[in-house]
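Contents: one structure, followed by commentary.
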Amino acid sequence: MKCCLLSAATLLLFAGALAAVSAPATLRQAADSDGMLIGTAVRPMQFSETLYSATLAREFNMIEPEDALKWWVIRREENDFDFTQGDEVVRFAEAHNMKVRGHCLVWHQYNPAWLSPADFTPAQLSDLLKDHINRMMKHYAGHVFAWDVVNEAFDEKGRLRESIWYNQPGIGLADQGTRYIEQAFRWAHEADPQALLFYNEAEAETLNRKADAIYEMVKDFRRRGVPIDGIGMQVHIPNLQIDSAALAANMSRLTKLGVQVQITELDVAIPVSPDKKPLHPDDLQRQAEVYKEVAAACLQTRGCTAIQTWGFTDKYSWVGSHSRGTRGAALPFGSSYARKPAYQALFEELASPSKRHNYRDSGSLPGASLPLLRFHMHL
Ligand code: 9MR
């Protein structure tokens, strides 16, 4: 009898040890177990900070340079490409077996001072943009698996924004609607046919006029074979509110067109007082719920393939300076890298198999086999 009791206890111990080995303990492990991408924006200047790098490598399987691939960083001078920071991000990712998203090739904002509309003709701008896309994508071919080709081209009414690339003076396709976006996607596909090509947008994640304009553009591009693989939904939430039913409905209608969706810049800002009073526990709890709802919407949508936060520690987040210190603490880790309730909420969603769609099956989405198969080839 004694021997049997002992062996039952040994068995229990063994089962416990097995469970401990297989149960995920980080966001990355939870996401990896099902082929999901969990990413974050990074600032390569911080890689030398041990806690920054250790947290990054432990928790994420994908990174995206927050600024390092933007025109104002890469092309401070017209004829020079400074790939230093972008290359550092790729090296970090490859050393830690992570994927890299590229951001971004065409944007109306934050361009270098020399790129002034008054100094170029449409023909010159067209050559310049084609060459930029080509050089960027060829430099990173095989290292960057997906690019935000065009960022934030629509305004809140769903109209195309005035911009140097569209109509000021534009690349020769002014006032022809989304033709300039289409051109950028065609150049991008030529430059690196293996890369997944995304249109990335802010404040168009739920159902509104901007989201409708994007939906119509994707429908048109898919019908005419314009090479678009996905929509990046930024999901910067300023007020602790998300209409998650509308978010899920928007994701679902886009994926039904045969493109994938990725959440690309998730953060959830909390009101902060200028005298730096501790954050209110109710706000932290509400923030966690919002993270959970956004993650759940993605995880339940076949074809939503990534959840990426815009930075991961409150120590380095654009929200504070952008809101002049009135909002902040928007990320899953605090300024000292402690996990916040938002981390726990994300982790629980990612680790909960019952809530997921089957990613590995998403290649069978109607009309979606090509882009999603390409996605799987990259995994
Ligand atoms: O977080 C980024 C900040 O560090 C930069 O100063 C700014 C301008 O390049 O861009 C911020 O990132 C933006 C992203 O590129 C596009 N979507 C909105 C993001 C927050 O403003």
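Remember, it's 1-based here, ligands and their atoms both numbered in the order they're listed.
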Distance dump, ligand 1 polar atoms to protein, N/O, under 3.5 Å:
| from | atom 1 | to | atom 2 | distance (Å) |
| --- | --- | --- | --- | --- |
| ligand 1 | 1 (O) | Glu66 | OE2 | 2.5 |
| ligand 1 | 1 (O) | Trp310 | NE1 | 2.9 |
| ligand 1 | 4 (O) | Glu66 | OE2 | 3.3 |
| ligand 1 | 4 (O) | Asp67 | OD2 | 2.8 |
| ligand 1 | 9 (O) | Asp67 | OD1 | 3.4 |
| ligand 1 | 9 (O) | Lys70 | NZ | 2.9 |
| ligand 1 | 9 (O) | Trp72 | NE1 | 3.1 |
| ligand 1 | 10 (O) | Lys70 | NZ | 2.9 |
| ligand 1 | 12 (O) | Lys70 | NZ | 3.4 |
| ligand 1 | 12 (O) | Trp310 | NE1 | 3.3 |
| ligand 1 | 15 (O) | Lys70 | NZ | 2.7 |
| ligand 1 | 15 (O) | His103 | NE2 | 2.7 |
| ligand 1 | 17 (N) | Glu152 | OE2 | 2.8 |
| ligand 1 | 17 (N) | Gln234 | OE1 | 3.1 |
| ligand 1 | 17 (N) | Gln234 | NE2 | 3.3 |
| ligand 1 | 17 (N) | Glu265 | OE1 | 2.7 |
| ligand 1 | 17 (N) | Glu265 | OE2 | 3.4 |

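Evaluated for a side-chain contact (heavy atoms from CB on, under 4.5 Å) with Leu129, the options Asp131, Ile133, Asp127, Leu125 yield exactly one hit, Ile133. The salt bridge (charged side-chain N to carboxylate O under 4.0 Å, His left out) with Lys210 is formed by just one residue from the set Glu152, Glu156, Glu201; it is Glu201.
No side-chain donor-acceptor contact under 3.5 Å links Lys130 and Ser126. No donor-acceptor contact under 3.5 angstrom links the side chains of Gln344 and Tyr291, judged on distance only.
In this structure, Trp147 and Tyr140 have tilted ring planes: the angle between them lies in the 30° to 60° band.
Comment: Asp212 does not engage Arg209 in a salt bridge, judged by the lack of any side-chain N to carboxylate O separation of less than 4.0 angstrom.
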